[in-house]
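Take a look at the structure set out below.
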Amino acid sequence: MACVHMIALLDQFQQLSLPVLIMLGLFVLIILIAIWDIFIQKRHIILHNFPVVGHLRYLLEVIGPELRQYWVANDKEEKPFNRDERRWVYSTAKKQLNTFGFGTTEELYSVGYPILKHAAFPFPAHKASYPGSDSTVIPCIKVMGEFNKRKRLYRPASIINISGMSFGSLGKNAITALNRGALAAKCFHNTGEGGISDYHNCGANLVWQIGTAYFACRTKEGRFSIKKLVETVTKYPQIRAIEIKLSQGAKPGKGGILPAIKVSAEIAKARGIEEGKQCVSPNFHSEFSTVDELIDFIERIADKSGLPVGIKSAVGELVFWEELAKRMKARKQGPDFIAIDGGEGGTGAAPLSFSDHVALPFKVGFARVYKLFQEAGIEERIVWIGSAKLGFPDRAVVGLAMGCDMINIAREAMLAIGCIQAQKCHTNHCPAGIATHSPWLEAGLNTVDKAIRFAYFIQGFRKELLALSHAAGYEHPSQFRTEDIELSSGVSNYKSLSDILGYKKKLVQFSAMKDYMYN
């Protein structure tokens, strides 16, 4: 009898329509989730007290940034880059219309708002001269290594270049696209401290960054090896300068750990470490701990490599910078270039306390350091590089007016190749396939297309930078002076940048763009 009832029940079940079966399945699933939430899981109070429905809270928490980005925030609200800024980068990279209509939406009287003063008689654009076929090329006026008489001098072809982003923090497709794009746009590509990978080897000039772990120039024990450094420089002739990273704006004074699971064969090869073994980057350099030792280290590398050697640092206490300026003046030695990073942070992941509270913001930090070197009378010996959200023409002008000779960009470069500011760089789940090593996510990043977009972005950036220069009466952007910028300190109260900073940038000796041949 029981069998007969079972057969009849199965027959009725088979006659149910597919939608009804799906509803039954969902009902059973909900019951099982509720049982799990109430009786089995013990970690989440919300799920226990509000079974099933409580999961909606966690879902909204996960997709909250995306909801705010596309539905809630207005065009000027988002951080670190608002929608208008991202739109300008995207349209420039796609060579689309990147102009805005119907007037500004900025608060022109807000404290700190910069205004670029145009000239009554602009520089005639048709009289501009160019040292090559690309009319957007803006060569650096200074030559790296010239004062210290390095064997291999370097005048970068572009004053807008890629800041340090390692293979490891970015995936192989992103590095490849940036390097190919840099080659097309004639800008250099800073490797970041993670060594030099095969993906950096697409033809662009490189600035090799060396951090505390001495990747690609280290012994098995993790100490610096001058022999390995010379071997790497010989292997990659496209290395045109070496940058010693003292600190970065995202997490100055803090080291890092690369977990063993992330040390793949490719990363191990690029960094000169053992595959599958945890790698620690200390928060200090083992090769020097005083200013004179730093200068000795720089001179040793420059002597053996023949390359210009510089430093990169965020700015904190000023005692180091005071002594560096003093000892460089006395010894007539030291870094050929100095890259100042701002506390605004960058692509590097960091604890919130470091991101929010460690290192001075760029305009404050750069001004303090530059003024010290100006007072010592040696600021013109050095090629100054600014790095901290300066990847827009107006911000680049402010940096150049303050004393920068070049601008390095990182996050703006990522936006140009498709970054959507999901802020998941540290999770390996970057939806744009840039800051990830997931084969599935990386597969969506077409290196040929993104290389073209990055080249368009750099060229469009420089074109607009030149237009701003011409409007101010200059042929080259480095001719901008501190007096050409005014900052708002309230309604009807603007002050010159020179008054705020407490110094004036010296007038740049400039002839014509065509006279500055790059290499």
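In this text, all values refer to a predicted model and were calculated from it rather than measured experimentally.
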> Is it true that a side-chain atom of Lys450 and a backbone atom of Ala177 form a donor plus acceptor pair closer than 3.5 Å?
Replying inline: no

message = Before you tell me yes or no, could you show the steps for Asn190 and Asn161 under side-chain contact (heavy atoms from CB on, under 4.5 Å), namely the whole-Å CA-CA distance, both residues' side-chain angles and the distance that decides it to 0.1 Å?
response = CA-CA 8 Å; Asn190 189 305; Asn161 299 286; over 6 Å; no

Sorted by chain and number, sequence neighbours left out, ring-ring contact (aromatic ring centres under 6.0 Å, His included) with Tyr199 holds for Phe167

Sorted by chain and number, sequence neighbours left out, salt bridge (charged side-chain N to carboxylate O under 4.0 Å, His left out) with Asp303 holds for none

Under 6.0 Å between ring centres: does that hold for Tyr236 and Trp208? no

Rounding to 0.5 Å, atoms CG (Asn408) and NE2 (His189) come to a distance of 10.5 Å

| Between Thr191 and Gln209, is there a donor-acceptor pair closer than 3.5 Å when you use the side chain of the first and the backbone of the second? | yes

Just by distance, do the side chain of Glu293 and the backbone of Ser289 share a donor-acceptor pair under 3.5 Å?
yes

Contacts satisfying side chain to side chain donor-acceptor pair (under 3.5 Å) that involve residues 494-513 (not counting sequence neighbours) are Ser496-Ser498, Ser511-Asp515

Residues pairing under salt bridge (charged side-chain N to carboxylate O under 4.0 Å, His left out) where one sits in residues 316-326, two or more places apart or in two chains, turn out to be none

Query raised in the report: Any salt bridge between Lys186 and Asp134, counting N to O under 4.0 Å?
Result: no

Minimal heavy-atom distance between Met513 and Ser129, with the atoms involved, is CB-O, 2.7 Å

All heavy atoms of Gly316 vs all of Leu360, minimum pair found to be O-CD1, 4.0 Å

- prompt: Would the number of heavy atoms belonging to other residues, nucleotides or ligands and lying under 6.0 Å from NZ of Lys117 be above 12?
  reply: yes

Indicate yes or no for a side-chain donor-acceptor contact from Lys463 to the backbone of Thr136 under 3.5 Å, with no hydrogens or angles considered. no

Can a donor-acceptor pair be found, under 3.5 Å and without considering hydrogens, that links the side chain of Asn179 to the backbone of Cys202?
yes

Applying ring-ring contact (aromatic ring centres under 6.0 Å, His included) to Phe188 and not counting sequence neighbours gives none

Closest heavy-atom pair, Gly334 versus Asn148, reported as atoms and distance to 0.1 Å, is O-ND2, 3.1 Å

| message | Measuring only between side-chain heavy atoms, which start at C-beta, is Pro156 closer than 4.5 Å to Tyr518? | response | no

So, Glu299 side chain and Asp296 main chain: donor-acceptor pair closer than 3.5 Å or not? no

Residue set satisfying side-chain hydrogen bond (donor to acceptor under 3.5 Å, both in side chains) with Arg300, at least two apart, ordered chain then number -> none

By side-chain hydrogen bond (donor to acceptor under 3.5 Å, both in side chains), Arg481 pairs with (sequence neighbours left out) Tyr474, Asp484

Any cation-pi pair here, Lys389 with Phe81, using under 6.0 Å and within 45°? yes

_I'd like to know if the side chain of Arg155 and the backbone of Cys140 have a donor-acceptor N/O pair within less than 3.5 Å._
yes

* Asked: So, Trp384 side chain and Met402 main chain: donor-acceptor pair closer than 3.5 Å or not?
  -> no

*asked:* A side-chain contact here means heavy atoms from C-beta on lying under 4.5 Å apart; do Pro139 and Met517 qualify?
replied: no

With sequence neighbours left out, the residues meeting ring-ring contact (aromatic ring centres under 6.0 Å, His included) with Tyr113 are none

- Answer yes or no: is there a side-chain heavy-atom contact under 4.5 Å between Tyr370 and Ile340? no

* To do: Using modelled atom types only, decide if a donor and an acceptor are shared between the side chain of Ser166 and the backbone of Glu193 within a distance under 3.5 Å.
  => yes

State, with a plain yes or no, whether a side-chain heavy atom of Leu445 is found less than 4.5 Å away from one of Ile434.
yes

Please examine the side chains of Asp336 and Val383, heavy atoms only from C-beta on, and report whether any two atoms are closer than 4.5 Å. no

| request: Would you tell me whether Gln238 and Asn201 have side-chain atoms, one donor and one acceptor, within less than 3.5 Å of each other? | output: yes

Across all chains, not counting sequence neighbours, the side-chain hydrogen bond (donor to acceptor under 3.5 Å, both in side chains) partners of Glu146 are none

Open item on the list: Do His285 and Tyr214 have side chains that approach each other closer than 4.5 Å (heavy atoms only, starting at C-beta)?
Closed with: yes

- prompt: Any salt bridge between Arg223 and Glu287, counting N to O under 4.0 Å?
  reply: yes

Sequence neighbours excluded, the answer for ring-ring contact (aromatic ring centres under 6.0 Å, His included) partners of Trp321 is none

Smallest heavy-atom separation, Ile160 atom then Cys187 atom, equals O-CB, 3.3 Å

Could you tell me whether the side chain of Arg150 and the main chain of Ala302 form a donor-acceptor pair under 3.5 Å? no

Residue pairs meeting salt bridge (charged side-chain N to carboxylate O under 4.0 Å, His left out), one or both in residues 364-374, sequence neighbours left out, come to none

Phe454 and Ala416 have their tightest heavy-atom pair at CD1-CB, 4.2 Å

Trp88/Phe100 aromatic ring centres below 6.0 Å = no

Residue set satisfying side-chain hydrogen bond (donor to acceptor under 3.5 Å, both in side chains) with Arg271, at least two apart, ordered chain then number -> none

### Task
Compare all side-chain heavy atoms of Ser469 with those of Phe480 and state whether any distance is below 4.5 angstrom.
yes

Output for pair (Arg381 CZ, Lys142 NZ), nearest 0.5 Å, gives 11.5 Å

